[in-house]
Protein chains: 2
Amino acid sequence: MIAWRNAIDCIYFIKKKSISIIIHIFAMQNDNSFMKNKGEVTIHDIAKELKISASTVSRALNNNPRISTKTKNKIKETALKMGYRPNIVASNLRTQKTNTIGVVVPRIYRNFFSNAISGMEEIAYRRGYNVIITQSGDDPEREQFNVNSLFSSRVDGIIVSMAMHTTNFDHFKLFYDKNIPIVFFDRLCAAIPTTQIVVDDENAGYQITKHLAEQGCKRIAHLAGPQNLKIYSDRRKGYERALAEMGLTIDEDQIIYCNLTREDGTKAAQTLLSGTNKPDGIYCGNDTSALSVIIYAKENNIKIPEDLCIVGLSNEPFAEVITPSLSTIKQPAVEIGKQAVLSLIDQIENKKRPEKLETIVLPTELIIRESSKRK
Amino acid sequence: MIAWRNAIDCIYFIKKKSISIIIHIFAMQNDNSFMKNKGEVTIHDIAKELKISASTVSRALNNNPRISTKTKNKIKETALKMGYRPNIVASNLRTQKTNTIGVVVPRIYRNFFSNAISGMEEIAYRRGYNVIITQSGDDPEREQFNVNSLFSSRVDGIIVSMAMHTTNFDHFKLFYDKNIPIVFFDRLCAAIPTTQIVVDDENAGYQITKHLAEQGCKRIAHLAGPQNLKIYSDRRKGYERALAEMGLTIDEDQIIYCNLTREDGTKAAQTLLSGTNKPDGIYCGNDTSALSVIIYAKENNIKIPEDLCIVGLSNEPFAEVITPSLSTIKQPAVEIGKQAVLSLIDQIENKKRPEKLETIVLPTELIIRESSKRK
DNA sequence: GTGAAAGCGCTAACAT
DNA sequence: ATGTTAGCGCTTTCAC
């Protein structure tokens, strides 16, 4: 007898988002005597069945306190028996709210993004929101299409990591102008004054460099990414701050600017490690380039970490299993996703957006592995 | 105040040197004479503006051939000028179709799934569908909740990789009974006669074993997964078929049944490689266990591939970067996702579902790397 | 505590 | 080629 109550309430959790324990018991639904052949059972069918009005049914199913417990129970029971399923599309149209969040990322399959998306879904699920995923493939036009499409779907808000070369922000402005919440993460958009979720890249660079110095490195090189992107310039700034603090000189020859690809890493390793004034520590702007450096060092019989300490950044899955395992910075991808959704839902439900650009900074974690552990 | 914004907007767009049409449109958008204060522009607003009927506007925007090109153009132009955005929610309600696909996977962040999802989104995008992602976390109740929730959202179909221990299939039956397409992939559901997308695991096992024999291995061991799961029993069957074909004996001592975790791999390696009758080739049921075997072999000074060839299965990201790089089977995750959506959309749009269980088998690819290349 | 009625924004007969 | 009308299934104001 408790069964039907839980079941129908559970269905309604999908629409509302009461925070209650959910028990699923979807039995009793195969009683076909009530089933209409065409289409779904509606609240009108239930109303007719019970000779009451549709509005009462609607109220009862939404746990409106004005309905007596007795009729409420009767309605829920009948709803379950008839195999009623709320039509959320209709509800969405009527209430002008979809409980849906749109997500736009460059590429879903990248480790960082799939983890972030996983975190987003986790929170969205708990709060009663759906998540529509789209990927731009780093194509500004496709990003624009996706964002416009999400608007037409009337999502309640969007979470975006921008395509690499997006320069026109009209599609974001569309949301901004209509007061629909946007949250950026990872690749930010300075043109839209809203919430952004980032990790403390400056501090990551600082931690890495300090760690290298503590391991006894006297000459620490840095493979730096494109400095027009904030994440990479921050990673370099942290490096310079640490060097200064440790009393080490900043030598521009020891900073190689590149795109941090596998090829770039190899080239940089050649440049740095073939000269006379070799570094005894290299802080790579990401794990990919660090991988190249490790391979180059091994091929050239440079001992890691004795002769050369190497640290990467991002904690790719391969970092812990390569030989030697790679010291790196763990970015809390899942946590970033969770924060993004929390912040977005807060804006959606409290109808207030930040006055100006608001940056939420999440901490990173230095993971010390063989490639830099000397003692 | 409003004037100021207009000015800024215009300057902004002119500075960007965007296509002049866009400048025009956005300039007009800020002309408040068109804008309703509350809510969005609707086809009725456009109709009123042009003194025509809303249905004509609807037809024009949907490129209905019965509307003359002249009025069509005029309507589209006005729609743009007024900043009209179609309300898909309303359209969905009316047409009883959402152009949305629901996806349920155990964990989004797993490499295989994020790749599959990426493939799904790719095709869905091209075919004009949205993708709602949910994850079960291998919890049957959460899976049930997600599937029911997707039903209430009136998705046009779902794609599912089941939770590990789902035993009640009522939630899938709900879709099946109402003739809403379902496609399973990876973790299948035999209880629902529908389309399933899988890879040819039997053949993968066969290829691996044959490859090992061709490299000169005479005694080939196998780390086998739980045999109640089809993928793992198939992987073993291919192994036995190859052995038989190559005239090698099937020795049950050389088959270790386990869950293929890191720990299982280490334990299996100990068992196999410490005895007197050591194998000279090991086919591991996945890459994770293969990793453990490689590490064990390296620690015990067993030369790879000279003394021992090792092959994994699934091509995890680490396989190509560990030392020695790991030979493995590449599963076309992205392709699986694409196939799943193609098959689902076919069922949605042609309103025909398979009479009985229909299995689409995708080929795998053997990638030979250092861990098994002897010549 | 319950009902009547209006309408969210769109589409699609059925007219003309 | 265009207009009229009637909903899709739900919520919600206003009555009683």
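A, B, ... follow the sequence lines: proteins, then strands. Residue 1 opens every chain. These figures come from a predicted structure and were not determined experimentally.
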Would you please confirm or rule out a distance under 4.0 Å between OP1 or OP2 of [N] and any side-chain N or O of [X]?
| X | N | value |
| --- | --- | --- |
| A:Thr95 | D:dT11 | no |
| B:Ser53 | D:dG3 | yes |
| B:Thr71 | D:dA1 | no |
| A:Ser55 | C:dT2 | no |

Test ring-ring contact (aromatic ring centres under 6.0 Å, His included), reference A:Phe151, set A:Tyr176, A:Phe145, A:Phe175, output is A:Phe175

For A:Asn92, answer base if it contacts any base atom (sugar-phosphate contacts may also be present), sugar-phosphate if it contacts only those atoms, and nothing otherwise; contact means non-hydrogen atoms under 4.0 Å.
nothing

Across the strands shown, which category fits B:Ser58 at heavy-atom distances under 4.0 angstrom: base, sugar-phosphate, nothing?
base

Answer yes or no: side-chain N or O of B:Arg66 and base N or O of C:dT11 forming a donor-acceptor pair under 3.5 Å.
no

Please determine whether any donor N or O and acceptor N or O are separated by less than 3.5 Å between the side chain of A:Arg59 and the base of C:dG3.
yes

Is any NZ, NE, NH1 or NH2 atom of the basic residue among B:Arg127 and B:Glu121 found under 4.0 Å from an Asp or Glu carboxylate oxygen of the other?
no

Hydrogens and angles aside, do A:Ser149 and A:Ser152 bring a side-chain donor and acceptor to less than 3.5 Å of each other?
no

Would you say the side-chain atoms of A:Thr166 and A:Glu143 include a donor-acceptor pair closer than 3.5 Å?
yes

